[in-house]
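Following: one structure in structure tokens, then a few remarks.
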Amino acid sequence: MKKLLCLMACVCGLMSAYAQKTAAEKACVAEVRKMYQEAKAMMAENDKHEEMQNDMVVTVSSMEPAVGRQVVNYHYYFNIDFSEEVNQYVSKPYFVTKKFNVTVRNYYLEYLYDPDSVTLRFVFAKWQDYSGETVEERYYFDKDGRMVWYQVKNTDEVQSADDLKHQSDRILNGFFSLKG
């Protein structure tokens with residue numbers, strides 16, 4: 001009887017610890033979704049002002065072996081803030097889209113960044129697999145850049161947080177090198 005009570009107490013303890021983690025994950029996802037809606041509103045407002053837009057489009061076209069012509073379109077949305085550290089205005093991307101093709105398949109990705117710290121908070125990816133099914137992936141990150149939750153539809157493959165951060169870093173490095 002004591003063993004059963006001990007086992008039940010351990011199970012209850014593990015369940016409560018799991019519930020707390022789930023609550024933290026839910027709070028992080030809710031925060032990221034709010035940031036996403038705010039970013040979309042800022043992008044819509046940005047698009048209204050042709051003379052003062054804070055965005056940049058970069059198109060890279062190349063001929064790839066075994067793939068053919070490949071076109072990659074990056075669309076950077078950013079804020080311009082004055083930095084006391086460097087005593088000048090700096091660009092801080094808050095949303096980046098990437099569209100590209102591999103043979104006849106088109107891919108679309110979105111990267112949401114914290115507008116203050118430029119920390120990756122969300123990645124959305126969408127494409128069609130070889131069977132024609134649309135695959136969607138959503139990855140949520142906390143304020144420290146740790147992946148806390150993901151959702152994948154129509155595939156068993158899941159990208160690692162390190163791979164997503166590496167891709168994001170490459171995109172941001174491209175942005176900052178273009179801004180000069």
> Hey, what do you get for OH (Tyr36) to CG (Leu112), rounding to the nearest 0.5 Å?
Replying inline: 8.0 Å
>> Looking at every non-hydrogen atom in both residues, tell me the closest pair between Asp129 and Trp127 and how far apart they are.
In response: N-CD1, 3.9 Å
>> Working to the nearest 0.5 angstrom, can you tell me the gap between Lys99 NZ and Lys126 NZ?
In response: 11.0 Å
> Is there a donor-acceptor pair closer than 3.5 Å between any side-chain N or O of Asn79 and the backbone N or O of Asn54?
Replying inline: no
> Are Tyr113 and Met43 joined in one hydrophobic group, where the rule is that I, L, V, M, F, W and Y side chains link up if heavy atoms are under 4.5 Å apart?
Replying inline: no
> Quick one: are Phe124 and Glu136 in side-chain contact, heavy atoms under 4.5 Å?
Replying inline: yes
>> Please tell me whether Val96 and Val58 are part of a single hydrophobic cluster in this structure, the criterion being side-chain heavy atoms less than 4.5 Å apart.
In response: yes
> Which heavy-atom pair separates Phe95 from Ala39 by the least distance, and what is that distance?
Replying inline: CD1-CB, 4.1 Å
> Can you find a pair of side-chain heavy atoms, one from Arg69 and one from Met63, that are under 4.5 Å apart?
Replying inline: yes
> Under a single-linkage definition using a 4.5 Å side-chain heavy-atom cutoff for Ile, Leu, Val, Met, Phe, Trp and Tyr, are Val57 and Tyr107 assigned to the same hydrophobic cluster?
Replying inline: no
All N/O donor-acceptor pairs, side-chain side in residues 114-123, below 3.5 Å, sequence neighbours left out:
from: Asp114; atom 1: OD1; to: Asp116; atom 2: N; distance (Å): 2.8
from: Asp114; atom 1: OD1; to: Ser117; atom 2: N; distance (Å): 3.1
from: Ser117; atom 1: OG; to: Thr119; atom 2: N; distance (Å): 3.4
from: Ser117; atom 1: OG; to: Thr119; atom 2: OG1; distance (Å): 2.8
from: Arg121; atom 1: NE; to: Phe141; atom 2: O; distance (Å): 2.9
from: Arg121; atom 1: NE; to: Asp142; atom 2: O; distance (Å): 3.3
from: Arg121; atom 1: NH2; to: Glu31; atom 2: OE1; distance (Å): 3.4
from: Arg121; atom 1: NH2; to: Phe141; atom 2: O; distance (Å): 3.4

> For Glu84, which residues count as a salt bridge (charged side-chain N to carboxylate O under 4.0 Å, His left out) partner, sequence neighbours excluded?
Replying inline: none
> How far does OH of Tyr139 sit from CE of Met147, to the nearest 0.5 angstrom?
Replying inline: 7.0 Å
>> What's the separation between atom CD in Glu45 and atom NZ in Lys40, rounded to the nearest 0.5 Å?
In response: 15.5 Å
> More than 12 foreign heavy atoms under 6.0 Å from CZ of Phe82: is that the case here?
Replying inline: yes
> Could you give the distance from CD (Gln88) to CD1 (Ile80), rounded to the nearest 0.5 Å?
Replying inline: 11.5 Å
> Between Trp149 and Tyr140, what is the ring plane arrangement, given parallel below 30°, perpendicular above 60°, and tilted in between?
Replying inline: tilted
> Which class fits the ring pair Tyr77 and Tyr94: parallel under 30°, tilted 30 to 60°, perpendicular over 60°?
Replying inline: tilted
>> Measuring from atom CG of Leu109 to atom CZ of Phe100, what distance do you get when rounded to the nearest 0.5 angstrom?
In response: 5.5 Å
>> Between Gln70 and Asn101 (side chain of the first, backbone of the second, donor and acceptor by atom type, cut-off under 3.5 Å), is there such a pair?
In response: yes
> Do the side-chain N and O atoms of Tyr108 and Glu110 include a donor-acceptor pair separated by under 3.5 angstrom?
Replying inline: yes
> Are His75 and Asp55 close enough, and set up right, to give a side chain to side chain contact (heavy atoms under 4.5 Å, CB included), and what steps lead you there?
Replying inline: CA-CA 7 Å; His75 195 155; Asp55 68 328; 2.7 Å; yes
> Mind checking whether Val148 and Tyr150 sit in one hydrophobic cluster, side chains of I, L, V, M, F, W, Y counted as touching below 4.5 Å?
Replying inline: no
> Val29 and Arg33: side chain to side chain contact (heavy atoms under 4.5 Å, CB included), yes or no, with the steps?
Replying inline: CA-CA 6 Å; Val29 168; Arg33 287 182 175 160; 3.6 Å; yes
>> Go through it in stages, so that I can follow the logic: the residues are Lys92 and Phe78, the test is side chain to side chain contact (heavy atoms under 4.5 Å, CB included), and I'd like the CA-CA distance, side-chain angles, deciding distance and then a yes or no.
In response: CA-CA 5 Å; Lys92 292 184 175 181; Phe78 54 92; 5.8 Å; no
